[in-house]
Protein chains: 2
Amino acid sequence: MASGQSRAERKEATRQRLLDVTLQLIGSRSLDSISLREVARAAGIVPTAFYRHFESMDQLGVELVDECIRPLRQMVRDTRRGVASHGDIIEGTIQVLGEYVAAHADQFGFLIRERYGGVRQVRRAIDTELTLFTSELAVDLARLTAGYDWSTDDLEMTAALMVGAMLKVIIDLVEIDVRPAGRKAKAAAILERGARQLRLIALGMTEWRSK
Amino acid sequence: MASGQSRAERKEATRQRLLDVTLQLIGSRSLDSISLREVARAAGIVPTAFYRHFESMDQLGVELVDECIRPLRQMVRDTRRGVASHGDIIEGTIQVLGEYVAAHADQFGFLIRERYGGVRQVRRAIDTELTLFTSELAVDLARLTAGYDWSTDDLEMTAALMVGAMLKVIIDLVEIDVRPAGRKAKAAAILERGARQLRLIALGMTEWRSK
DNA sequence: ACTTTCAGTGAACAGTCGTACACCAACCAG
DNA sequence: CTGGTTGGTGTACGACTGTTCACTGAAAGT
């Protein structure tokens, strides 16, 4: 352990280590089945030193959500950019989705597992982000349906349906990702199915009229 | 505690009590954050007596899934019956859904929370049931799309999309159900949104052609 | 150079946990 | 009536938990 760092840097390093080992320790268990001592042990510090960085495991959980959601935000941004250049919106979205989930399987696994099972604060943090995601998609849809005067309610419900479908794709991807026997083929099938579901919805949109 | 029962009946009674208190103890926590001792305490027996009924909390969890899924099966059956008598399939389905979730909020809450966060065996038990549900819907859809020669893949992906949407409805219903401020109105809004999502999908189906 | 700050230490605490074991006493079959 | 079966009891054990407290020593501020 070379130590050519300032004190603040050292602190930030262990803090990050605590977050990292927690994520990796989680594997496929729930956050609140992991003890503070266990995390400290894995991070190579004494239990009491944990409190120099977080006041509880719950708080660590909330900050872990933030960190896991950052790549998700990046994904959304990239998708929107990719959309501008590609002709097929759905194909582009699905492709980006596949890449990001593969690159951040641990983080997505954590988010999925804590979405409903976790502590209230953690659940809330995830839920907020997801709602935000949905509204952003609704805005995009408004652009696409301009001229058909869709109600905001209809836009929101369609966006929610699409986000739900994408979420299911992510979940399925993460679930196969753990044991990589024929991983690529399975992933492709899941993505393809998601794409078809989006197309089906898009097809419905062409016929839909807000009443 | 009047005891005008046979020994077998007494045993079954405490067994059921263990399942009941676990479900009610779960409230909004995860199953594996509940200790064997806690359950025994709530059921009014000594910790060691727990082993006369289940060999571990995990096994109790699996059996609890079975018990919680029974009303779900009933719901599916009722829905299909209701469909035969009603003109509007979607409207009927949604209505039955709303009633069943309201009547079994605890059970559904448990299933939702353990769907991704729980122990492997519990997750598997829930997943199996859900997959079965989807295939049954696919069969129903095959009847409706007869003449348009849909591929089985397309039937399955459409059924999955619909089940996903319904699942989201259930989740939203359970989440508001805990604090009943304006519960009825919110529930109605959620159900209405779910109905519209199903209609949007149905609309897409009329335009879809399997390639 | 001197003092303050503070990330990390190590021992100790009161609890809770799962489980093993010997022990009842009420039921039931013979 | 009798003897085995078996839910349920009570005690005990070692392991692990979150948190307290006084501490150390190197970096940072002056």
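Since the model is a prediction, treat every value here as computed from it, not as a measurement. We name chains A, B, ... by the order of the sequence lines, and we start the count at 1 in each one. Hydrogens, waters and symmetry mates play no part in the numbers below; they use all other heavy atoms, side chains included.
With hydrogens and angles left out, the side chain of A:T48 and the base of C:dG10 share a donor-acceptor pair within 3.5 Å. Within 3.5 Å, a donor on the side chain of B:R52 pairs with an acceptor on the base of D:dG8, or the reverse.
Regarding contacts with the backbone of D:dT17, a side-chain N or O of A:R41 is found under 4.0 angstrom from either OP1 or OP2. Between B:T14 and the phosphate of D:dG8, there is a side-chain N or O to OP1/OP2 separation shorter than 4.0 Å. Between A:S35 and D:dT17, a side-chain N or O to OP1/OP2 separation shorter than 4.0 Å is present.
Remark: P of C:dA26 and CD of B:Q5 are 16 Å apart, rounded to the nearest angstrom. A:L18 places its CG atom 13 Å from the P atom of C:dA7, with the value rounded to the nearest Å. In this entry the distance linking CD1 of A:I45 with P of C:dA7 reads 11 Å, nearest Å. Atom pair A:D58:CG and D:dG18:C1' shows a separation of 12 Å (rounding to whole Å applied). One interatomic measurement links the two molecules: OH of B:Y51 to C1' of D:dT6, which rounds to 18 Å at whole-angstrom precision. In this structure, B:F54 atom CZ and C:dG18 atom P are separated by 15 Å, rounded to whole Å. The distance between atom CZ of A:F50 and atom P of C:dT9, rounded to the nearest whole Å, is 14 Å. Between the CG atom of B:D32 and the P atom of C:dC17 there is a distance of 14 Å, given to the nearest Å.
A salt bridge links B:E63 with B:R15: the closest approach of a Lys/Arg side-chain nitrogen to an acidic carboxylate oxygen falls below 4.0 angstrom. By the 4.0 Å N-to-carboxylate-O rule, A:K168 lies close enough to A:D172 to be salt-bridged with it. Between B:R124 and B:D127 no salt bridge is recorded (no basic side-chain N to carboxylate O distance below 4.0 Å). Using a cutoff of 4.0 Å between basic side-chain nitrogens and carboxylate oxygens, A:R199 and A:E91 are scored as salt-bridged. Looking at B:E38 and B:R29, a side-chain N of the basic residue comes within less than 4.0 Å of a carboxylate O on the acidic one, giving a salt bridge.
Nearest to the side-chain atoms of B:R37 among the listed nucleotides C:dT19, D:dT19, D:dT5 stands C:dT19. For A:P47, counting side-chain heavy atoms from C-beta on, the closest listed nucleotide (D:dT19, C:dT9, C:dC27) is D:dT19. Comparing C:dG10, D:dG8, C:dG8 by their nearest atom to the side chain of A:H53 picks out C:dG8. Here D:dT17 is the nucleotide among D:dA28, D:dT17, D:dT9 with the atom lying nearest to any side-chain atom of A:E38. When distances run from any side-chain atom of A:R7 to the nucleotides C:dC28, D:dA27, D:dC21, the shortest one goes to D:dA27.
Both B:A8 and B:S56 sit near DNA chain C, but only B:S56 has its closest nucleotide nearer the 5' end. Two residues, B:A49 and A:L36, neighbour DNA chain D, and the one matched to the more 5' nucleotide by heavy-atom proximity is B:A49.
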